[in-house]
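Some notes on the structure that comes next.
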Amino acid sequence: MPFIKNMDVTLRPDWAVIDIGSNSVRLVIYEGPERAPIPVFNEKMLCGLGQYDPETGYLDKDRAESALAVLQRFKTILDTVRPRYLDVFTTAGIRDAKDGANFLKEIEKIGFTPRLLSGEEEARLAALGILSGAPEILKRSGGALAGDIGGGSLELCHIEARADDPLGSRVSLPLGGLRLKTQFEHDRSAARQYIQQTLAEIDWLTSCPATALYVVGGAWRALARIAIVQWNYPIQSLDHYQLKKNAMLDICKLVSKQSVSSLESMSWVQKRRAATLPFAAIVLETLLQDYGIQEVVFSSHGVREGVLFDKLPPQRRQQDPILTLAREGARRIGVSVSPDAEAVAHFLEPLFPHKKSLAKDLLMPASILSNIGRRLLPHERAKQTAQLMMGLPMRGLSHPARVFLATMLYYRHGGNSSDLEHILPMGLLSDDMQEEAIVLGHAMRFVGDFDPMGSKLMAQCRFHLEADDLILHLSPAAEKLWGPVTEKRFLRIAHAMGRIGTLR
């Protein structure tokens with residue numbers, strides 16, 4: 001099916017991807033904006049195709065039949081859904097099997113047209129997927145190293161802001177968790193030595209200036225879940241979950257020493273992944289110990305999202321995924337009575353004069369999302385809107401940024417500070433961030449009452465900070481919008497800032 005460019009956003013699923021990997025076979029169906037498609041159906045089966053017959057190097061018959069049965073199920077689902085675009089691809093599990101070509105023909109009999117990705121192409125698409133959900137990489141000094149571990153291979157790519165192409169040196173290596181488990185099941189020490197030697201052969205990796213490693217892949221996501229449980233981290237979402245080098249090393253060392261039965265006993269670890277998890281941990285541990293990585297950032301975007309991102313025109317790729325998803329959320333959940341977001345952001349910007357301000361960075365998405373709770377019942381609006389923000393598919397947001405926006409929405413809809421600690425993980429925000437979120441929430445509440453439709457009158461007014469005062473300059477025409485409610489809202493902004501509210 002051809003990719004439909006510049007299509008209108010509808011509720012009908014527009015994209016589907018089937019990823020036939022070394023460990024799992026997965027179908028993901030997406031809908032929403034092209035720049036940041038939202039997965040609405042996501043099903044996988046751990047078939048273990050990369051675990052070949054040890055004598056022949058052919059695909060294991062039972063595992064291959066299991067995968068084909070899953071693909072037949074996916075075909076039946078897709079015949080009903082009928083997405084406008086479908087991409088079916090296979091990776092290292094089929095690429096390296098001696099009878100991989102025959103298996104592709106079996107897939108074709110089901111009715112799919114699979115494409116076999118080369119290792120280099122898999123690395124490129126994985127990096128594109130990570131970049132699509134983390135454009136902040138291009139602002140990092142030295143960029144970032146993107147890593148995608150599967151059952152059969154490890155893909156690495158250096159992403160950095162460049163005039164021609166942000167994707168630099170890249171490689172696919174035979175360091176997938178299932179492959180390593182098959183080779184070194186009873187000798188993890190030998191596996192460690194093999195991993196170190198294999199990585200050491202990549203010349204550009206030693207000189208890579210990136211200090212951040214953005215990772216994707218089921219085995220590494222499992223490590224992130226273990227870290228979340230280990231430290232009682234308050235957010236379960238793995239996208240943009242960040243760990244410093246030493247913290248990540250502690251998890252890797254812990255897992256690499258565990259027996260398979262011990263890992264299987266952990267409720268948050270899939271039993272069929274337990275045997276490969278120690279080897280994936282050793283790979284990540286080696287990358288952290290032997291290279292210049294100081295921080296690990298987990299991504300929910302990988303090859304599948306890279307496949308979709310790769311088909312977008314350059315100007316569409318440059319769009320901000322956070323703003324794109326904020327507009328999508330506001331369109332679906334919000335109300336028509338809502339001022340222009342750019343006008344609101346411009347109006348409120350003087351409230352946050354510091355250059356390094358999270359509020360300043362998030363003014364646009366905050367302005368777009370400010371009214372998403374207006375349809376909810378008033379007595380639950382603040383709490384439910386804050387919780388809604390924590391669950392919105394806002395890929396690209398750091399965890400502190402998500403909590404910041406949730407806090408803003410809580411106060412925008414009249415929340416009481418005494419309830420906040422029970423609703424949101426406020427420990428992820430510094431005191432300054434909390435103060436800015438509260439100020440912004442009160443400011444959004446003021447705008448919603450002062451000029452609910454964002455007329456031209458708001459553009460005639462401006463905030464100004466002077467000594468200990470918060471000054472609001474009103475034009476003569478805008479004075480007609482003033483009243484007791486707007487005055488109360490304005491004074492609350494001033495109080496939250498520790499200032500005196502003055503009208504001029």
- Just wondering, more than 12 heavy atoms not from Gln196 lying within 6.0 Å of its CD? yes
- Message: Is there a side-chain hydrogen bond (donor to acceptor under 3.5 Å, both in side chains) between Glu305 and Tyr30? Walk through the geometry before answering.
- Response: CA-CA 10 Å; Glu305 289 72 27; Tyr30 301 85; 2.6 Å; yes
- Message: Between Ser262 (side chain only) and Gln258 (backbone N and O only), is there a donor and an acceptor less than 3.5 Å apart?
- Response: no
- Is a donor on one side and an acceptor on the other found under 3.5 Å between the side chain of Arg402 and the backbone of Leu392? yes
- Task: Give a yes or no on whether the backbone of Arg63 and the side-chain of Asp60 come within a donor-acceptor separation of less than 3.5 Å.
- Result: yes
- Check ion pair Asp19-Arg304 (N to O, under 4.0 angstrom): yes
- Aromatic ring proximity Phe184/Phe279, centre distance under 6.0 Å: no
- Message: Looking at Arg170 and Gly168, would you say the former's side chain and the latter's main chain have a donor-acceptor pair under 3.5 Å?
- Response: yes
- Modelled atom types, side-chain donor and acceptor of Arg140 and Tyr214, under 3.5 Å: yes
- Between Asp250 and Lys245, does at least one N-O distance fall below 4.0 Å, as a salt bridge requires? no
- Message: I'd like to know if Glu155 and Arg124 make a salt bridge, using a cut-off of under 4.0 Å between side-chain N and carboxylate O.
- Response: no
- Taking it one step at a time, do Tyr52 and Tyr58 satisfy ring-ring contact (aromatic ring centres under 6.0 Å, His included)? CA-CA 6 Å; Tyr52 311 129; Tyr58 287 5; 9.6 Å; no
- Message: Could you report the tightest heavy-atom contact between Gln242 and Ser398, atom names first, then the distance?
- Response: NE2-CB, 4.4 Å
- Message: Taking the six-membered ring of Phe298 as reference, does the cationic atom of Arg221 (NZ for Lys, CZ for Arg) lie under 6.0 Å from its centre and within 45° of its axis?
- Response: no
- Short side-chain to backbone donor-acceptor contact, Ser24 and Leu46, under 3.5 Å: no
- Passing candidate, side chain to side chain contact (heavy atoms under 4.5 Å, CB included) with Trp220, options Val296, Asp148, Val283: Val283
- Taking atom CD1 of Ile159 and atom CD1 of Ile137, what is their separation to the nearest 0.5 Å? 4.5 Å
- Message: Can you tell me how far apart CG (Leu429) and CZ (Phe404) are? Round to the nearest 0.5 Å.
- Response: 8.0 Å
- Item | Side chains of Ser357 and Glu436, donor plus acceptor under 3.5 Å | yes
- Working for ring-ring contact (aromatic ring centres under 6.0 Å, His included), residues Phe112 and Phe74: CA-CA 10 Å; Phe112 294 126; Phe74 290 168; 8.2 Å; no
- In this structure, CH2 of Trp204 is separated from SG of Cys157 (nearest 0.5 Å) by 6.5 Å
- Item | Presence of salt bridge, Glu285 and Lys253, under 4.0 angstrom | no
- Side chain of His399, backbone of Asp239: donor and acceptor closer than 3.5 Å? yes
- Taking atom types as modelled and ignoring hydrogens, do the side chains of Asp87 and Tyr85 form a donor-acceptor contact shorter than 3.5 angstrom? yes
- Query: Is any NZ, NE, NH1 or NH2 atom of the basic residue among Lys109 and Glu106 found under 4.0 Å from an Asp or Glu carboxylate oxygen of the other?
  - Reply: yes
- Message: Between Arg179 and Asp96, does any NZ, NE, NH1 or NH2 come within less than 4.0 Å of an OD or OE carboxylate oxygen?
- Response: yes
- How many angstroms lie between CG in Leu308 and NZ in Lys311, if you round to the nearest 0.5 Å? 8.0 Å
- Item | Side-chain donor-acceptor pair present, Thr286, Arg192, cut-off under 3.5 Å | no
- Here the gap from Leu131 atom CG to Glu160 atom CD, rounded to the nearest 0.5 Å, amounts to 12.5 Å
